[in-house]
Amino acid sequence: MPIHEKSLIRPENLTTHDKLEIDGVDVSGHWSTFIESRVLTDYNEALQDEVQALPGGEAVHRCWQCGSCTNACTVNAINPDFNPRYWIYLIRLGMEQELLRDKDIVWQCVSCNKCTHVCPRDVNPEGVMKALAHWLELKGHTARSPSTEFDEEFASQVFETGKIEESRVIRGFFRRTGQPLMQDWLIAMTRRMLRHVPVKLLLAMGLQGLLRPSTRSWGAARGAIRDYVARRERENRRALGLDAAAHQGD
Amino acid sequence: MTTVSPQKDYREVAYYPGCALEGTGHAYDRSTRAVAEALGLRLVDVRNWNCCGAMEVKNVDPKLQTYLSSRVMSIASEEMGHDVVMAPCNGCYHNLKKAEHDIANDAGSAEVVAELSRKAGHATYQVGKLETIHALDWIKRTLGDEGVRSRVKRPLTGLKVANYYGCMYTRPRHIFPEKDKGPGSESTARPHFMDDILAAAGAEIVDYPLKTACCGGAHTLSDSDLSTKLVVNLLRAAEACGADVIATECPTCHSGLEMHQVRAETRFGITTRPAMLYFTQLLGLALGIGPKALGIHENVSSALELVRERGLA
């Protein structure tokens with residue numbers, strides 16, 4: 001079945017009649033299932049341009065719908081609704097409402113790069129997934145995903161000191177997402193680590209948590225990175241038609 | 001200015017451990033250094049390095065990740081005069097490779113790298129100055145399979161190993177121009193460098209069809225159930241192939257496999273047998289290095305027990 005007909009055969013778009021005769025022909029029952037007629041009026045003509053303006057989405061227009069990305073996809077194998085090929089199709093057509101049906105799962109891309117590896121058109125579907133996830137959040141269609149929270153916690157530490165310290169990232173992430181740090185499985189894992197690990201090493205690791213690892217003379221890089229991030233955020237919002245007032249001020 | 005010599009000496013390379021090898025991947029760093037010492041190979045730490053940007057900064061802005069990686073490459077090549085940098089972490093290795101590719105092929109990335117390098121006050125990395133290699137390449141190019149075989153003191157006889165390469169070591173293909181170049185080169189579809197090295201160390205390599213499948217490392221905390229599902233898949237497949245051990249070459253994959261093995265047990269009552277060991281730990285054992293010096297006691301899975309039981313320690 002061509003992918004553009006996918007939405008037509010959803011249960012709510014199908015009707016069967018227990019008893020119906022049209023022009024003398026009996027069309028009752030399951031074997032005469034009808035598809036509801038429909039008219040599409042809600043195209044967002046700017047959708048492709050908007051996704052292309054965000055990092056990762058630049059080459060979405062190159063797609064010729066071969067389906068290699070979805071065929072290779074790690075997440076699709078677990079959840080068939082996770083369908084990069086279909087979302088790219090919808091982005092290109094501007095079918096925003098249809099796209100929004102899947103808004104809560106787009107962020108689940110695991111960036112395994114199988115799609116980008118096999119794509120014969122260099123669309124970079126992995127990048128498109130990230131651009132689409134950003135688009136959904138910037139437009140206010142979804143709340144910030146746990147993945148975004150993790151990325152920002154991690155990135156903010158890199159920007160601050162040049163490096164990360166893993167336990168600090170974990171603590172920061174659980175704090176941001178309002179989860180308790182004392183997860184049963186993390187406790188179980190720590191217990192297992194304690195089987196053989198000598199006290200000396202644990203002390204050294206604890207010390208590293210206190211004395212943050214950092215890159216020396218990072219100040220200039222930190223300033224340059226922060227300026228760049230702020231500029232990119234302004235540009236991204238402007239490309240999506242947000243902050244119109246700020247645009248006039250430039 | 002350094003010139004890239006046609007015959008590079010891989011016996012002395014710049015070493016970029018990265019953040020994970022100072023934390024959860026500590027045993028990988030330890031075993032890599034121990035192997036280098038035993039083999040008389042010299043690792044010169046990149047001075048005052050920073051994070052490569054990892055997947056997380058790439059998700060915030062890919063060009064920013066390119067800049068962060070380029071700073072490391074600039075220090076190794078311009079300041080230290082090296083022409084090869086070795087990164088044992090798949091994430092760091094991938095990102096340095098990606099930076100090399102993007103700076104060479106995308107004017108926008110090159111522009112951002114030049115601008116941020118200037119503002120940060122260091123030399124801009126020049127494309128082609130530095131070759132990034134993985135720890136697997138490093139062993140292959142310095143010793144080769146024969147070299148490994150001739151140095152083995154305690155062969156890993158009877159140890160059944162599934163080699164797990166993960167995602168970042170082979171994908172996407174365009175950032176690894178040296179791969180898929182026929183005999184002798186690494187394959188992106190069926191990578192074999194770890195298989196070759198550990199086979200030379202005497203291990204019995206099992207045919208593991210999920211060697212490049214994903215462990216869900218990106219969502220290890222943000223979507224833990226998905227990660228657990230993917231990891232259980234990897235562990236069960238290794239079991240089905242008869243493996244005692246999953247050999248790893250990436251700190252994120254390694255700790256993901258260990259964490260979610262425990263999580264699968266704690267949350268879902270799913271127990272799996274394989275132990276996880278870094279390939280450098282296995283190689284080190286074969287070279288006669290003791291398990292402590294290789295950090296095997298730091299592994300969460302039952303690696304130390306297995307190694308003792310098999311008389312390899």
Side-chain angles (χ1 to χ4, degrees), chain A residues 55-56 74-75 78 108-114 116-117 119 122 124 126-127 130 145-155 158 162-167 170 173-174 177 184-186 188-189 192-193 195-198 201 205 208 213 215-218 220-221 223-225 227-229 232, chain B residues 19-20 22-24 26 48-51 53-64 67-68 71 112 115-116 118-122 167-168 170-174 188 213-214 216-219 221-224 226-227 229-230 258-260 262-263 265-267 296-301 304:
Chain A
T74 297
V75 185
I78 291 174
Q108 289 175 327
C109 163
V110 288
S111 295
C112 67
N113 270 318
K114 285 187 177 173
T116 299
H117 187 73
C119 178
D122 292 341
N124 185 13
E126 186 268 346
K130 298 300 151 188
S145 72
S147 180
T148 301
E149 296 290 1
F150 191 85
D151 291 341
E152 295 201 350
E153 177 63 34
F154 188 107
V158 176
K163 291 184 181 179
I164 58 137
E165 196 270 301
E166 289 162 317
S167 70
I170 295 171
F173 170 74
F174 282 132
T177 50
D184 51 358
W185 60 282
L186 282 175
M189 201 180 83
R192 280 196 208 185
M193 280 172 76
R195 279 173 316 170
H196 308 299
V197 179
L201 179 76
M205 285 169 90
Q208 211 198 8
T215 307
R216 292 185 307 280
S217 317
W218 185 247
I225 289 169
D227 289 350
Y228 173 77
V229 170
R232 282 310 315 242
Chain B
C19 306
E22 290 194 338
T24 48
H26 180 259
N48 197 29
W49 52 264
N50 55 275
C51 168
M55 189 177 290
E56 287 75 8
V57 176
K58 189 273 295 166
N59 288 347
V60 171
D61 190 279
K63 293 187 177 77
L64 199 50
Y67 161 68
L68 288 165
R71 182 184 177 276
V112 170
E115 180 201 324
L116 292 178
R118 183 170 43 75
K119 288 184 179 165
H122 58 81
C167 302
M168 312 298 265
T170 53
R171 289 191 297 266
R173 61 195 143 72
H174 61 262
T188 58
C214 177
H219 292 324
L221 293 176
S222 49
D223 194 359
S224 301
L226 179 74
S227 288
K229 212 175 246 182
L230 292 170
E258 289 192 324
M259 275 167 73
H260 289 280
V262 176
R263 193 172 184 274
E265 224 176 292
T266 319
R267 286 274 165 98
I296 295 178
H297 58 300
E298 294 173 28
N299 293 19
V300 176
S301 64
L304 189 62

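Just so we're clear, the structure is a prediction, and the values are computed from it rather than from any experiment. In what follows, chains carry the letters A, B, and so on, assigned in the order in which the sequence lines appear, proteins first and then strands, with residues in each chain numbered from 1.
- Scanning both residues, B/A120 and A/A220, for their nearest heavy atoms gives O-CB, 3.7 Å.
- Per-residue heavy-atom pair counts under 4.5 Å with chain B were compared for A/T116, A/D184, A/L186, A/V229, and the maximum is reached by A/D184.
- Heavy atoms of A/E166 lying under 4.5 Å from chain B belong exclusively to its side chain.
- Within the 4.5 angstrom heavy-atom criterion, only side-chain atoms of B/R267, from C-beta onward, approach chain A.
- For the options B/V57, B/L304, B/D61, B/L68, heavy-atom pairs under 4.5 Å to chain A are most numerous at B/D61.
- The shortest heavy-atom contact between A/K114 and B/C214 is NZ-N, 4.5 Å.
- Of the possible donor and acceptor atoms, one in the side chain of B/H219 sits under 3.5 Å from a partner among the backbone N and O of A/C109.
- With chain A as partner, the option from B/A20, B/G121, B/A54 having the largest number of non-hydrogen pairs under 4.5 angstrom is B/A20.
- Neither the backbone nor the side chain of B/S227 comes within contact range of chain A; no heavy atom of the residue lies under 4.5 Å from a heavy atom of that chain.
- Per-residue heavy-atom pair counts under 4.5 Å with chain A were compared for B/N299, B/L221, B/V60, B/L230, and the maximum is reached by B/L221.
- Contact record, A/K163 with B/N50: CG-CA, 4.4 Å, taken as the closest heavy-atom pair.
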For side chain to side chain contact (heavy atoms under 4.5 Å, CB included), just list the numbers for B/R171 and A/E126, CA-CA rounded to whole Å, side-chain angles, deciding distance to a tenth of an Å, and then say yes or no. CA-CA 11 Å; B/R171 289 191 297 266; A/E126 186 268 346; over 6 Å; no
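- A/H117 places a side-chain N or O within 3.5 Å of a backbone atom of B/R173 that can act as its donor or acceptor partner.
- B/N48 places a side-chain N or O within 3.5 Å of a backbone atom of A/R216 that can act as its donor or acceptor partner.
- Only the side chain of A/K130 comes within less than 4.5 Å of a heavy atom of chain B; its backbone N, CA, C and O stay farther away.
- Residue A/I225 touches chain B through both its backbone and its side chain, counting heavy-atom pairs closer than 4.5 Å.
- Here the closest non-hydrogen pair linking A/Y228 and B/L116 is CB-CD2, 4.0 Å.
- A donor-acceptor pair under 3.5 Å is formed between the side chain of A/R195 and the backbone N or O of B/V300.
- Across all non-hydrogen atoms, the minimal contact from A/F154 to B/G53 is CE2-O, 4.4 Å.
- Contact tally against chain A (heavy-atom pairs below 4.5 Å) for B/R71, B/H174, B/E258, B/K63: the top residue is B/R71.
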Checking B/C19 against A/I164 for the side chain to side chain contact (heavy atoms under 4.5 Å, CB included) test, could you report, in this order, the C-alpha distance in whole Å, the side-chain angles of both residues, the deciding distance, and whether it holds? CA-CA 6 Å; B/C19 306; A/I164 58 137; 3.6 Å; yes
